[in-house]
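Start at 1 and go down the list; that is how both ligands and their atoms are numbered.
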Amino acid sequence: MSTIQDFTGYKPTWCSGCGNWGIGMAIKQTLVQLGLTPSDIAVVFGIGCSGNMNDFLNAYTIHSLHGRAIPNAIGIKLANHKLPVICVVGDGDCYGEGGNHLLHACRGNHDITVIVHDNRVYGLTTGQVAPTAQKGYQSKSTPAGIIEVPVNPLVLALTSGATFIAQAFAADAVQMATIIKAGIEHRGFSLINILQPCVTFNKVNTYQYYLQRSYKLEKNYQKDDFRSALNKSLELLEEKFPLGVIYQVKKPTYTESLPQIKEKPLVEKERFRDFEKIVKDFI
Ligand code: SF4
């Protein structure tokens with residue numbers, strides 16, 4: 001039986017009051033609740049304040065290139081589809097630099113869980129505007145206000161084929177852990193968008209801001225209904241934030257659709273054990 005301590009790495013360097021603290025704790029709690037040990041899971045980080053969790057979480061991790069967490073996670077999953085694989089990324093990393101990877105991961109229903117710290121700014125590089133910021137948001141990179149309209153990650157994922165879409169709030173550790181657990185247990189592509197205040201560089205989208213505009217999904221909400229999920233996702237246009245599992249359906253995953261690895265994962269196949277032989281085959 002693992003403990004929170006088992007998953008604890010170096011002391012986080014996040015600003016005091018940052019939403020990342022709550023998300024980091026919720027991830028650790030979830031891994032403990034799932035009965036996993038640090039060697040039972042692969043975690044791929046993007047670049048950003050969220051990506052710095054690579055040092056704060058004790059597990060098998062990759063701190064990938066900017067925007068490239070998802071293809072790394074897919075590669076791990078293709079090699080060993082029995083292993084739970086999660087990505088921890090920011091909204092800039094996942095919806096900006098890595099936006100194309102997100103779309104195609106959804107299309108393939110790759111069985112990975114993508115947890116997005118959505119704070120609407122590039123916090124690590126001191127507050128430039130990120131893709132989910134509202135039109136007109138003023139930052140040091142957009143002093144006259146951003147011209148582009150915001151990305152709606154929920155609609156994007158839903159209409160691209162994701163089979164699990166959820167939204168959480170960084171101040172609610174209990175709901176976050178419940179949602180992250182459901183996302184990891186889901187077989188197929190899971191997107192969990194977490195509203196995460198950046199207390200240092202985003203003075204608009206604060207804890208108070210989200211408390212006033214978010215609400216938990218009703219108990220009788222039909223999460224397998226595409227139209228309902230689309231309507232809930234579109235509420236982001238009005239800065240209304242439904243919290244909970246917005247969409248979940250069962251469909252074959254990418255690896256389940258590959259006959260070559262139906263019997264056993266690639267890493268368990270004899271010919272993939274001899275790395276030198278593989279290299280020779282290619283020369
Ligand atoms: Fe958190 Fe913002 Fe500080 Fe980064 S800069 S650690 S996102 S509060």
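- If you check which protein heavy atom lies closest to atom 6 (S) of ligand 1, you get C15 N, 3.5 Å.
- Heavy-atom contacts of V199 reach the following atoms of ligand 1: 8 (S) (cutoff under 4.0 Å).
- Nearest to atom 5 (S) of ligand 1 by heavy atom, out of W14, W21, F201, Y122, is F201.
- Under 4.0 angstrom from ligand 1, the non-hydrogen atoms of C49 all belong to its side chain.
- Interface of T200 with ligand 1, defined as ligand atoms under 4.0 Å from a residue heavy atom, comprises 3 (Fe), 8 (S).
- Taking each heavy atom of K264 and K269 in turn, the nearest pair found is O-CE, 3.6 Å.
- Using cut-offs of 30° and 60° on the angle between ring planes, the pair Y122 and H66 is perpendicular.
- Heavy atoms of N119 found under 4.0 angstrom from ligand 1 belong exclusively to the side chain.
- Residue Q196 has at least one heavy-atom neighbour below 4.0 Å for each of these atoms of ligand 1: 7 (S).
- Here the shortest heavy-atom pairing between C94 and I70 reads SG-CD1, 4.1 Å.
- Using modelled atom types and a 3.5 Å distance limit, the side chains of N202 and Y209 yield no donor-acceptor pair.
- Between C49 and the options V121, T13, N20, a side-chain contact (heavy atoms from CB on, under 4.5 Å) holds for only N20.
- The aromatic rings of Y254 and H110 sit parallel to each other, their planes meeting at less than 30°, with 60° as the upper class boundary.
- At a cut-off of 2.8 Å, C18 is not counted among the residues with an N, O or S atom near atom 3 (Fe) of ligand 1.
- Ranking protein heavy atoms by distance to atom 2 (Fe) of ligand 1, first place goes to C198 SG, 2.3 Å.
- Classified by interplanar angle (parallel below 30°, tilted 30° to 60°, perpendicular above 60°), the ring pair F226/Y247 is perpendicular.
- Using a 4.0 Å heavy-atom cutoff, H117 is absent from the residues neighbouring ligand 1.
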